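Have a look at the structure below before the remarks.
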Amino acid sequence: MIGGAPRRRWGRSSTCRFRFLGAAAMAPVRCLLPLLPALALALGPVAGELRRPLALGEAEELAEELWGAEGLPGDLPELEPECRRLLAAFAEGSATLTGCLGRRARPVRLCQDCHQHYRRLLAQYGSIARAVGNSSESHNCAKSILTSDRLQIVVTLSEFFNETWETANCANCLKNSSEGLSNSTVEFLDLFNKSLTCFEHNLQGQAIDLSPNNYTEVCKNCNETYKMLNDLYNNLQRMNRQGGESGHSAHLCIDVEDAMNITRKLWSRTFNCSVPCSDTVPVIAVSSFILFLPVVFYLSSFLHSKQKKRILILPKRIQSNASLVNIQEKYS
């Protein structure tokens with residue numbers, strides 16, 4: 001037994017050595033345990049450096065050294081401080097305008113609440129297009145920010161806002177300088193608010209739904225306000241069509257159109273009201289006259305026409321020979 005023990009230990013070590021030398025990845029973990037102390041002594045300093053996290057300040061210093069190295073292949077020029085400031089201002093203005101458009105989507109209040117943000121963004125984009133970097137060797141801000149890449153995100157954002165503003169026809173609600181709402185728009189919105197106030201005041205706490213309810217008080221008390229609002233809207237449309245011939249859009253701004261659509265739906269569908277036409281009597285009279293014209297025509301023709309009596313034509317007898325002889329003598 002003593003003589004056999006060494007052979008068993010030698011056999012296990014030789015097996016581990018054979019497996020380790022043949023394929024290190026296939027070596028059992030118990031065969032690598034004796035090597036761990038040696039590996040720890042050999043790789044101690046390197047492992048300690050790997051385990052130590054890289055501080056944020058060192059990372060920033062390393063990035064500055066890489067960007068600031070002279071002669072770095074493919075070195076990209078950084079934006080000038082002024083260009084950075086303009087880009088940050090445009091990004092902030094875009095976020096503000098986007099938030100305003102999203103919050104005023106329903107009910108639509110884009111033109112009356114977001115026109116100041118839009119004007120400010122236009123000014124910021126114009127500053128980028130006109131600005132030039134501080135250094136004479138650097139590219140100007142317009143080229144660096146607007147056209148330096150294929151995506152051109154600043155240009156894309158600007159085009160999106162311009163297209164949205166033009167589609168909403170907000171220029172038709174604002175003054176020529178776009179500094180505020182036009183007088184006609186202010187008058188319309190004032191009547192619109194009065195109409196909604198009248199609706200709410202005469203509902204007397206009833207729930208608004210599409211089922212036919214007794215809204216006679218609303219129809220009676222708010223009829224005048226609604227009629228004034230509807231007439232003003234029609235006048236604005238007529239005036240805008242005349243302006244459309246000179247190159248402007250024939251549509252009113254989206255704020256006015258949406259407000260009128262809301263009011264008409266409430267008046268006709270919810271309250272089931274109708275505006276009596278003031279020209280009803282003349283229209284009925286003219287229509288009745290036109291309908292009775294054929295009757296009058298045929299009746300007068302019948303009364304004033306000559307009634308022809310039926311005349312019987314009797315056959316004439318053959319004249320006698322004597323009469324014929326007398327006729328011949330007369331004409332001979």
Side-chain angles (χ1 to χ4, degrees), residues 53-70 72-182 185 189 248-249 251 253-258:
L54 188 63
L56 180 61
E58 295 180 0
E60 293 178 352
E61 293 177 359
L62 179 60
E64 291 178 359
E65 292 178 359
L66 291 176
W67 284 103
E70 296 181 359
L72 184 64
D75 187 22
L76 300 176
E78 288 190 88
L79 289 175
E80 294 292 332
E82 179 66 16
C83 299
R84 285 176 176 269
R85 185 188 65 81
L86 294 174
L87 181 59
F90 180 84
E92 183 179 356
S94 300
T96 303
L97 181 57
T98 302
C100 182
L101 295 177
R103 288 189 296 270
R104 271 71 177 181
R106 292 302 311 164
V108 182
R109 299 293 184 270
L110 306 182
C111 304
Q112 53 187 312
D113 293 340
C114 303
H115 67 276
Q116 294 181 354
H117 302 304
Y118 179 71
R119 288 183 58 224
R120 190 177 301 113
L121 189 68
L122 287 181
Q124 292 167 350
Y125 183 83
S127 299
I128 293 176
R130 293 188 302 267
V132 179
N134 295 331
S135 176
S136 59
E137 299 178 356
S138 64
H139 301 285
N140 59 58
C141 294
K143 185 176 182 180
S144 301
I145 298 176
L146 302 181
T147 61
S148 61
D149 55 81
R150 178 176 59 85
L151 186 58
Q152 299 181 4
I153 187 64
V154 175
V155 178
T156 303
L157 288 175
S158 178
E159 291 177 351
F160 165 75
F161 290 125
N162 291 334
E163 183 179 357
T164 302
W165 202 255
E166 293 176 0
T167 304
N169 295 313
C170 290
N172 294 332
C173 285
L174 304 175
K175 297 178 181 179
N176 294 331
S177 57
S178 299
E179 295 179 354
L181 298 176
S182 60
T185 304
L189 295 177
H248 299 285
S249 175
H251 291 280
C253 71
I254 190 63
D255 293 20
V256 174
E257 290 182 349
D258 185 71

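Predicted model only: the values in this text are computed from it and were never measured.
Between Gln152 and Thr147, the shortest heavy-atom contact is NE2-CA, 4.1 Å. Contact record, Val155 with Leu146: CG2-O, 3.7 Å, taken as the closest heavy-atom pair. Nearest heavy atom pair, residue His115 against residue Gly180, reads NE2-CA, 4.0 Å. For Leu86 against Cys141, the heavy-atom pair with the smallest separation is CD1-SG, 4.5 Å. Of all heavy-atom pairs spanning Asn172 and His251, the tightest one is ND2-O, 2.6 Å. Heavy-atom minimum distance, Ser144 versus Ser148: O-OG, 2.6 Å.
Expressed to the nearest 0.5 Å, how far CZ of Arg84 lies from CD1 of Ile145 amounts to 10.0 Å. Rounding to the nearest 0.5 Å places CD of Glu82 at 10.5 Å from CD1 of Ile128. Arg119 CZ to Glu179 CD: the interatomic distance, rounded to the nearest 0.5 Å, is 5.5 Å. Here the CD atom belonging to Gln124 is positioned 7.5 Å from the CD atom belonging to Glu92, to the nearest 0.5 angstrom. Here the CZ-CG distance, from Arg109 to Leu189, works out to 7.5 Å after rounding to the nearest 0.5 Å.
In this structure Tyr118 satisfies the ring pair (Phe, Tyr, Trp, His ring centres under 6.0 Å) test together with Trp165, sequence neighbours excluded.
With Asn162 contributing its side chain and Ser158 its backbone, the two residues share a donor-acceptor pair below 3.5 Å. At least one donor-acceptor pair closer than 3.5 Å links the side chain of Asp255 to the backbone N or O of Leu110. No donor-acceptor distance shorter than 3.5 angstrom exists from the side chain of Ser182 to the backbone of Lys175, with no hydrogens or angles considered.
Counting non-hydrogen atoms of neighbouring residues, nucleotides and ligands closer than 6.0 angstrom, the CG atom of Asn176 reaches no more than 12 such neighbours.
Among residue pairs with one or both ends in residues 140-162, none qualify as ring pair (Phe, Tyr, Trp, His ring centres under 6.0 Å); sequence neighbours excluded.
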(request) Take Leu121 and Leu157, measure what side chain to side chain contact (heavy atoms under 4.5 Å, CB included) needs, and give me the verdict at the end. (result) CA-CA 10 Å; Leu121 189 68; Leu157 288 175; over 6 Å; no
(request) Just do the side chain to side chain contact (heavy atoms under 4.5 Å, CB included) check on Cys111 and Cys253 with the steps written out, would you? (result) CA-CA 8 Å; Cys111 304; Cys253 71; 4.1 Å; yes
